[in-house]
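Within every chain, numbering begins at 1; the chains are lettered A, B, ... in the order of the sequence lines, protein sequences first and strands thereafter.
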Amino acid sequence: MPVKYPIPRGTFDVLPSESYKWEFIESKFRQVAKAFGYKEIITPIFEHSEVFERSVGDSSDIVQKEMYKFQDKKGRSFALRPEGTAPVIRSYVEHNMGADNQTNKLFYIGPMFRYDRPQAGRSRQFSQYGLECIGSNHPYYDAEVIQVFYTFLKELGLKNFSVEINSIGCPECTENYNQALIQYFQPHIDELCTDCRNRLEKNPKRLLDCKVTACKKISKEAPSMLDYLDESCKVHFAQVQAYLTMAGIPYIVNPRIVRGLDYYTNTAFEFINNNLGAQNALGGGGRYNKLVEQFGGKDTPGIGFAGGLTRLLISLEQEKLFMGDDNKPMFYFIALGEKVMPVAIEMISFLRSHKFYTEFDIEKKGIKNQMKNANRLMCRYTLILGEDELAKNIILMKDMLNGEQKELNLEDFKVIIDSLKVSSQS
RNA sequence: GUGGCUGUAGUUCAAUGGCAGAGCACCGGAUUGUGGUUCCGGGCGUUGUGGGUUCGACCCCCAUCAGCCACCCCA
């Protein structure tokens, strides 16, 4: 059947068979983030283009090739947000949240947009969860941010992932290191792939990530970032690791982690799941000590991370961590005949107002048909009210697990429902 | 953005260039007010879309759209 209006490329519908998983993941993230003292912030889905161009970086692929940019009716340039940190910092500065001299801890969940060729784990609209800790350069917070992510994944039951950390130092260290890399690779320039020749000029650190065997071979002996950290950056990184150990978080130091957004300084980290194929990063983050200043605020350090919801979902499913939808009906109400409707509807309203998920289908006729339906929906109890029952002032309640059926006095009904509520809560 | 693989019923998949099929799901029935198991019955689908080759195309060719894989990028 040809679809008249197909969904845009790289987007997807989250259907009821999936949406409860999204709700579960989001509520778990909120719960964990709140336990660490983070508060939710909700920013617009679009911003002035400059918010991203001047922070994520003019030269980054995200800004150059992947941003959904558009003009409004007055010719102003906006962009659908490609990531979550820049908007949060924009908001932080705009509302002068640093005025209280406290460390501000914020989290968010929401859709992001990047124009890229779709693949499993990579779509044009995707959902990210993330958080930002703004106002302190204490290495404890570097570890705390990683700990929130780690705790979240563990709470979901995920086993198959690793934490990789690195420090790219302050801008001075990075500059020194870039020079060292250029010096190292320059003599080998003829052996490098064309991409890497470009990288050598634009962003030498990217060479370390190249998958071409020839480049890999050369970069194997390349100088390590960690040898180019100055004394204070070195101490900071060592302390981050100390705090991670105190928090009981296993990690790997990977000097080749290079983050793609320009604003990162010092600590950078990634959460990797190698069963995910090419899109193997569950999430990542790092410190951005110059970003608030770039947005016109006063010199304020910060650190944060973001993770992809869909990739997490794929990982959870690989590990079979979803057993099913727990939103099953408590009751299925079968009302037989028009005469019983006034009483039936009053009872159904009563159940629902007591927060019992109660199914009722006024169009389905016949007790057999409806029993079948109750069974398919996996209802716990079926309530049957026909004219015979109404005449005797009773209702039938059938336990769908063992097939036992009881007659209840209508007067006793509310009392019994109340007691059910108590027992299901305990 | 580059290269490759794929596209058939709600879904998972069949069908040498010669009448488009099966499992699951769904709907109906097996003496009228009781589910799950069983049995019986129920499918004319623009074979993603548009062209072309051919007596004849799900099958071959071209284009296009979409998904997937690798690159790239990163969540």
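If you measure from atom CD1 of A:I394 to atom P of B:G33, you get 17 Å, rounded to the nearest angstrom. The CZ-P distance, from A:R124 to B:G1, rounds to 8 Å in whole Å. Atom-to-atom, CD of A:E270 to P of B:C74 comes out at 9 Å; the value is rounded to the nearest Å.
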Please write out the pairs of protein N or O atoms and N or O atoms of nucleotides 23-32 of chain B separated by less than 3.5 Å, giving the distance to one decimal.
residue, atom, partner, partner atom, Å
B:C27, OP1, A:R376, NH1, 3.3

Please list each protein N or O that sits under 3.5 Å from an N or O in nucleotides 4-8 of chain B, with the distance.
residue, atom, partner, partner atom, Å
B:G4, O6, A:R117, NH2, 3.3

Give RNA chain B the dot-bracket treatment, 5' to 3': Watson-Crick (N1-N3 with N6-O4 or O6-N4) or G-U (N1-O2, O6-N3) under 3.5 Å, [ ] crossing, | other strand.
(((((((..((((....[..)))).(((((.......))))).....(((((..]....))))))))))))....
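For the contact set between residues 306-319 of chain A and RNA chain B, defined by any heavy atom under 4.0 Å, the members are A:A306, A:G308, A:R311.
Between the side chain of A:E389 and the base of B:G33 there is at least one donor-acceptor pair of N/O atoms closer than 3.5 Å. The base of B:U34 lies outside donor-acceptor range of the side chain of A:Q370, with no N or O pair under 3.5 Å.
Judged by distance alone, the side chains of A:N137 and A:R287 do bring a donor and an acceptor atom under 3.5 Å apart.
The ring-ring contact (aromatic ring centres under 6.0 Å, His included) check on A:F107 picks up A:F29, with sequence neighbours excluded. By the side-chain contact (heavy atoms from CB on, under 4.5 Å) test, A:R256 pairs with A:L208, A:S219, A:N254, sequence neighbours left out.
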Show your working on side chain to side chain contact (heavy atoms under 4.5 Å, CB included) between A:S315 and A:N273 and close with a plain yes or no.
CA-CA 8 Å; A:S315 306; A:N273 177 353; 3.1 Å; yes
When you look at A:Q405 and A:D399, which way does the side chain to side chain contact (heavy atoms under 4.5 Å, CB included) test go after all the steps?
CA-CA 6 Å; A:Q405 189 165 294; A:D399 186 325; over 6 Å; no
Intermediate values then yes/no, side chain to side chain contact (heavy atoms under 4.5 Å, CB included), A:Y108 and A:Y38:
CA-CA 9 Å; A:Y108 59 85; A:Y38 290 76; over 6 Å; no
